[in-house]
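In what follows, a structure is listed as structure tokens, so that the remarks can point back to it.
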Amino acid sequence: MKNVDSKSHVRGESIYLDDIALIEGTLYACVYDSPVAHGKLNSIDTKEAENCAGVVKIITAKDLIGENQIGGILPDEPLFADDEVHFQGMPMALVLAETEEQARYAAKRITAEIAPLEIITNPREAFAKNHLIVPPKHFKLGNTENAFKTSEYVFAGRADLNGQEHLYIETQGAYTVPTEQGGMKVYSSTQGPTAVQRCVSRVTALPMHQIEVDVTRLGGGFGGKEDQANAWAALCAVGTQLTKRPVKYALHRMEDMRMTGKRNPYSANYKIGLDKNFKIIAYEVVFYQNAGASADLSPPVLERTLFHCTNAYFVPNVTATGYSCRTNLPPNTAFRGFGGPQGMFVIESAIVHAAEKLHVPASEIQRKNLINDGDEFPYGQKAMSEAVTSWTQADEKFDFARIQKEIGEFNSKNKFIKKGVALMPICFGISFTKTPMNQARSLVHIYTDGSVAVSTGAVEMGQGVNTKIAQVASTIFSLPIERVKVHTTNTLRIANTAPTAASAAADLNGHATQIACKTILQRLKEVAVPLVEAQNAEDISIENGFVFRNGERTDLDWLVLVNEAFMQRVNLSEHAHYATTGINFDWSTASGHPFAYHVYGTSIVGVTVDCLRGIYTVDFVKACHDFGNSMNISVDYGQIEGGIVQGIGWMTMEEIVYDESGRLRSNALSSYKIPDIYSVPKTIEFVPLKTKRENPAIFNSKAVGEPPLMYGIGAYFAIREAVKAFNTENLPAFDAPFTPEKVLMNLYSETVKEMKAGK
Ligand code: MTE
Ligand code: HPA
Ligand code: MOS
């Protein structure tokens, strides 16, 4: 089944924010943002800007009718800086002008007097000064103190991970249009229409029913628009409120990179204890999360880091602690995996550390510790595990031993080119970790021409959720997919939505759609009973546009049935609600059953390192992945391929650099390298996990949005293997990304040390 959007995408007909037809009188917005990372704001001078051609209004904190606050979790994020600035890129004023060029020109003519305050960019330094966003979070299973005492081997170390720029193809933006009775319509490139509605309501002091948020589609979000689309919508909304004119703001790439937060960087300390059989019996980990200047989504991201701190392994004694540290960087935020990948990288580092010291392959320790059915995660939920099955099926298909042998032979014959391989099992929990967010609604109409319109809370951002939702309706009604249209995500049609996030959109909104369609279908069946002279509705089925009685086709077709129902005044619409059952979590005991299910898989990642230049290629990613029973394998493969490449980018070449003044140095695509077609693995080969188990996903088709990104972590450890094959004296620090520069330094660590010592 093709993605329903594929034709309009390739024809350039899909409608993104910037494609919305503008209304006469639209103003263009541009932000003046803070040039310093921390300081006391004494004054803003907008005089010169006010006199620029085309400028209609300049807005600062004092002009707001509502609250100057957009923090969703904590009220710690002013829309406009008022008394202090907290990061470079923090909005301070908004220029509204007749054209985009005029708005940008004028914004450059604003100045501010800011008295500098101490700038902190490092989470450990923020921690030392007790700058925490929220109180520390803890998970505890068993007793690590005792377990370390009985451990045969104990290793401790440190792992560091950098952030990641979302680099959605479509930058952030919004367009607000005044409506009757003082309301407004907000077009936003957001994963969270309700979050935008709530935020606009707060800064304008308009009740939520005066605000309609509409989202056609996103040119990618990747978590970067779960919360961070709010500011731009709020700015435009304030502009519309104060001028009574439509206001549009679509950020330029460099503005977007400078002003928005990224994946949270982490620094972590780990300690791992193994028994004589290499069973991990104790794991202690402390995460220092770089949250940036305000909470944004960092607290739940940190929670998910703890949820995934043991990845796909069972460890009977775990103590995990997380600190969300406030720094003077743009607020960091959700990014595919939502903190999970960060937690996984650290335990993989600990395992590799142990393996290197014990002179065994890391895969031996990994394999021995995979979680089994009934084993408990550190948060109390018992596993329904596919960790061993995915590992075994990957091994059967791809033969690790053979791959390892071939690589060993290659390395023994080649001096300046080395290959490396790593295994990366994954285990990712599906559901928002905050239980109340796991609900969704769907509105389904059948029109009298027999066509079907569906609206849900899900936002299409390239992941194919609209295709999956259309498939649900087309399957239940047994209609061709062309007879179903999934419409924009709109807060008037669907209220109080969870953001499209946590890989759960197809599950939540698909289930709601299934309920709505089944309800209407039942009504249609009842209408059909007398028409085909059946006994009751159970005897009726509808297949391929015809009514069947006891499995036999009748002459009654879909169109006639729908119209008959209409004539009988039977409701052809349904608004259905779905809430995931069986999930709960209690932070006061840090235990519960937060996830509807887990997604598992095992990948093998192979790389080649050019040991003269430090550059590398990813040769292959081969994996056995737990799709459940995929309802759309081509859409899911798209997610697998995209996720892997994004994960490899994060672990290898993408390097965010803030200098000590808090200035983003990697502020454009010339200084921030993302994977291109040449950095994509030459081979990506997947086998679906074979399992007969049922799961609670929609149509048994497990969520696929985020998990594959974590296979990319294997690239880091594969490069490390190749580097060690060349420079046998050196154990590289666990410090991602492994950029070519770092690879080169590690290949020649002795030479580098000598150079540094001036020899
Ligand atoms: N795929 C594309 N093409 N674009 C995106 O922005 N976001 C990812 C993933 N895949 C994303 C994507 C993230 S972070 C999530 S949480 C899921 O899609 C959300 O969509 P789903 O719940 O429908 O899987
Ligand atoms: N995943 C993604 N987004 C979220 C979550 C989560 O678990 N919780 C809150 N927002
Ligand atoms: Mo995805 S990080 O949950 O938007």
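Only this structure's heavy atoms are used, side chains among them; waters, hydrogens and symmetry mates stay out. Predicted model only: the values in this text are computed from it and were never measured. Order of listing sets the numbers, starting from 1, for every ligand and every atom in it.
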Q. In terms of atom number and element, which parts of ligand 2 are under 4.0 angstrom from non-hydrogen atoms of T433?
A.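 In order of number, 7 (O).
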Q) Can you list the ligand 2 atoms lying under 4.0 Å from a non-hydrogen atom of M437? A)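 Checking each atom against M437, I get 9 (C), 10 (N).
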Are [X] and [Y] linked by a side-chain donor-acceptor pair shorter than 3.5 Å?
X	Y	value
S634	N632	yes
H487	S455	no
Y672	E655	no
D296	S294	no

Look at the aromatic rings of [X] and [Y] and report parallel, tilted or perpendicular, splitting at 30° and 60°.
X	Y	result
Y578	H511	parallel
H598	H308	perpendicular
F307	Y379	perpendicular

Q) Q191 to ligand 3: N or O pair under 3.5 Å? A)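 N/O-N/O distance under 3.5 Å: yes.
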**Q.** Nitrogen or oxygen atoms of A502 and ligand 3 under 3.5 Å apart
**A.**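 Between A502 and ligand 3, an N or O pair is found under 3.5 Å apart.
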Q | Identity and distance of the protein heavy atom lying nearest atom 1 (Mo) of ligand 3 | A |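 Result: E706 OE2, 3.6 Å.
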Q: For atom 10 (N) of ligand 2, find the nearest protein heavy atom and state the residue, atom name and distance (0.1 Å precision).
A: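 Result: E226 OE2, 2.8 Å.
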(Q) Please check whether R304 reaches ligand 2 - meaning an N/O of the residue sits under 3.5 Å from an N/O of the ligand, judged on distance alone. (A)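 Checking ligand 2 against R304, an N or O pair does fall under 3.5 Å apart.
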Where ligand 3 meets [X] - atom numbers and elements under 4.0 angstrom, heavy-atom basis:
X	result
A501	3 (O), 4 (O)
R336	2 (S)
G223	2 (S), 4 (O)
F335	2 (S)

Q.
Is it the case that the ring center of Y168 lies less than 6.0 angstrom away from the ring center of F222?
A.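 Ring centres of Y168 and F222 not closer than 6.0 Å.
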Q) atom 6 (C) of ligand 2: which of F338, F335, F595 has the nearest heavy atom? A)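 Looking at heavy atoms only, the winner is F338.
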Q.
What verdict does the salt bridge (Lys or Arg N to Asp or Glu O under 4.0 Å) test give for K673 and E654, after you've listed the backbone C-alpha separation in whole Å, the side-chain angles of each residue and the deciding distance to 0.1 Å?
A. CA-CA 5 Å; K673 175 89 181 100; E654 296 183 38; over 6 Å; no
Q. More than 12 foreign heavy atoms under 6.0 Å from CD1 of I15: is that the case here?
A.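 Not buried by this count: 12 neighbours or fewer within 6.0 Å.
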Q. In Å and rounded to the nearest 0.5 Å, what is the OG1 to CG distance from T321 to L306?
A.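 Rounded to the nearest 0.5 Å, the OG1-CG separation comes to 7.5 Å.
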Write 'none' if nothing qualifies; otherwise put on separate lines each N/O atom of ligand 1 with a protein N/O atom under 3.5 Å away and their distance to 0.1 Å.
from     : atom 1 : to   : atom 2 : distance (Å)
ligand 1 : 1 (N)  : Q639 : NE2    : 3.1
ligand 1 : 3 (N)  : G462 : O      : 3.3
ligand 1 : 4 (N)  : M461 : O      : 2.8
ligand 1 : 6 (O)  : G221 : N      : 2.7
ligand 1 : 6 (O)  : F222 : N      : 2.9
ligand 1 : 10 (N) : R336 : NH2    : 3.3
ligand 1 : 10 (N) : Q639 : OE1    : 2.7
ligand 1 : 20 (O) : Q463 : NE2    : 3.1
ligand 1 : 22 (O) : S503 : O      : 3.4
ligand 1 : 22 (O) : A504 : N      : 3.1
ligand 1 : 22 (O) : A505 : N      : 2.8
ligand 1 : 23 (O) : Q463 : NE2    : 3.1

Q) Which is it for D507 and K702 under the salt bridge (Lys or Arg N to Asp or Glu O under 4.0 Å) test, yes or no, and what are the steps along the way? A) CA-CA 8 Å; D507 265 359; K702 282 192 172 181; over 6 Å; no
